[in-house]
Amino acid sequence: MINMRRIKVRVRHGYEVMVGKNLLKDCGKYINLTDTRISRIFLVSETNVAPLFLDKTVDSLKRAGYEVVTYIFEAGEQSKNLDEVAKMLGILAENRFTRTDAVVALGGGVTTDMAGFVASIFLRGIKVFQIPTTLLAQVDASVGGKTGVDLKEGKNLVGAFHQPSLVICDCDLLSTLNDTVFSEGMGEVIKYAFISDRKLYEKLKTRLTKTSDKLEDIVARCVELKADVVEKDELDNGLRQTLNFGHTIGHVIECKSNYTVPHGFAVAKGMALISRKSPVYSDLVEMLKLYELPYEDDITADEILDGILNDKKKRGSKITVAIVNEIGKCDLETIEATELTRYL
Ligand SMILES: NC(=O)c1ccc[n+]([C@@H]2O[C@H](COP(=O)([O-])OP(=O)(O)OC[C@H]3O[C@@H](n4cnc5c(N)ncnc54)[C@H](O)[C@@H]3O)[C@@H](O)[C@H]2O)c1
Ligand SMILES: [Zn+2]
């Protein structure tokens, strides 16, 4: 048996996240172990990932006895929209997929979000299995059950909570990531360390690369930390907001740049900006530098405020911000939006 971690996510429809190496070649077998009724699989991937890993995935699914229908979309956030969703639903219907068939997502967060959403609405919900191929998707997007797509009016405005039936994080798949995409994922990893795990922070001080053996350990720890928060707050009414550390300001930066600043970079800047007056600031900046992440932006306090007041996450004029004053501990503070300037 291959050495791997299995992390349980104890929500209403609980599931496991497998973290290890060389897992892709047996993905069909792992899916089969969770449910023997599935006969057909709708495999969703995109144009950058498919040439790298599609054949291996299809082989494994076929070996496990599945009939496979494949859908490949153009890589990139601009594909995460309702037109793609409609196309996929059409193919599922044309091929007479039933409620006991399933969707498998093979790709980064764009793929796992969109395929998860398709699975959540086809026939009012069929199973989805996530095989995340970016660091960000392994530690964040594929775990927790948030699925959805963008509208031209804004990101992630349409979606559903739909927990996967299994998540397979094969760390070998990360070795082909480009440096920017890898660093972006590290932005989220650093977030977990600062909001909840000082030991993880210590481990990150020795620079990890996309081929490090230690990556497995780090991914597993981040998944555990996310699972813990998701279990306590499945529908995002409270504690889950700690995961938004750096995101309140990060979203404004992303939006202002018209999404030319990548998410992980915007979050890195957002974490640094909201922590400017915190005792952790210099340690945070050191770590962001170590992973080639940015920590400064010329955005003004007024621009941040304007952006936040237009953001879907505001409730009235009060907002909840995640603040870190000690590495490994996060506080949620609900304040008037205008008071945010006291942190900046
Ligand atoms: N559901 C959630 O809880 C949640 C959380 C965080 C982010 N997200 C969503 O995730 C998306 C961002 O995820 P992402 O950064 O993974 O984006 P992505 O899926 O666009 O992947 C980033 C880039 O890496 C490429 N790629 C993917 N895997 C690769 C591999 N193994 N080797 C080489 N290249 C590879 C992709 O083609 C793409 O160009 C956003 O849409 C965001 O809204 C969702
Ligand atoms: Zn994020």
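Throughout, numbering of the chain's residues begins at 1 and tracks the sequence. Atoms within each ligand, like the ligands themselves, are counted from 1 in listed order.
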Check: Less than 3.5 Å between some nitrogen or oxygen of Ala75 and one of ligand 1, yes or no?
Finding: no
Next item on the list: Give the atom name of whichever N/O/S atom in His263 sits closest to the Zn ion (ligand 2).
Entry: NE2
Margin query: Is Lys226 close enough to touch ligand 1? Criterion: a residue heavy atom under 4.0 Å from a ligand atom.
Written below: yes
Notebook entry, point to check: Thinking salt bridges, do Arg198 and Glu326 make one under a 4.0 Å N-O criterion?
Noted result: no
Notebook entry, point to check: Which one of Gly148, Gly76, Gly109 has a non-hydrogen atom at the shortest distance from atom 10 (O) of ligand 1?
Noted result: Gly109
Check: Should Glu184 be listed as contacting ligand 1, given a heavy-atom distance under 4.0 Å as the test?
Finding: no
Check: Taking the minimum heavy-atom distance to atom 2 (C) of ligand 1, which of Ser142, Ala141, Gly185 ranks first?
Finding: Ala141
Note to self: Please confirm whether the ring centroid of Phe194 lies under 6.0 Å from the ring centroid of Tyr201.
What the structure shows: yes
Next item on the list: Could you check atom 18 (P) of ligand 1 against the protein and tell me its nearest heavy-atom contact, residue, atom and distance included?
Entry: Val110 CG2, 3.9 Å
Next item on the list: Give the single entry among His247, Glu46, His263 that approaches atom 36 (C) of ligand 1 most closely by any heavy atom.
Entry: Glu46
Next item on the list: Measure the CD1-CD distance between Ile253 and Glu303 for me, rounded to the nearest 0.5 Å.
Entry: 10.0 Å
Notebook entry, point to check: Looking only at non-hydrogen atoms, which of Arg240, Lys146, Glu254, Glu77 approaches atom 40 (C) of ligand 1 most closely?
Noted result: Glu77
Next item on the list: Take the Zn ion (ligand 2) as the vertex and measure to NE2 of His247 and OE2 of Glu188; round to 10°.
Entry: 110°
Checklist line | Ring centers of His263, His247 separated by less than 6.0 Å | finding: yes
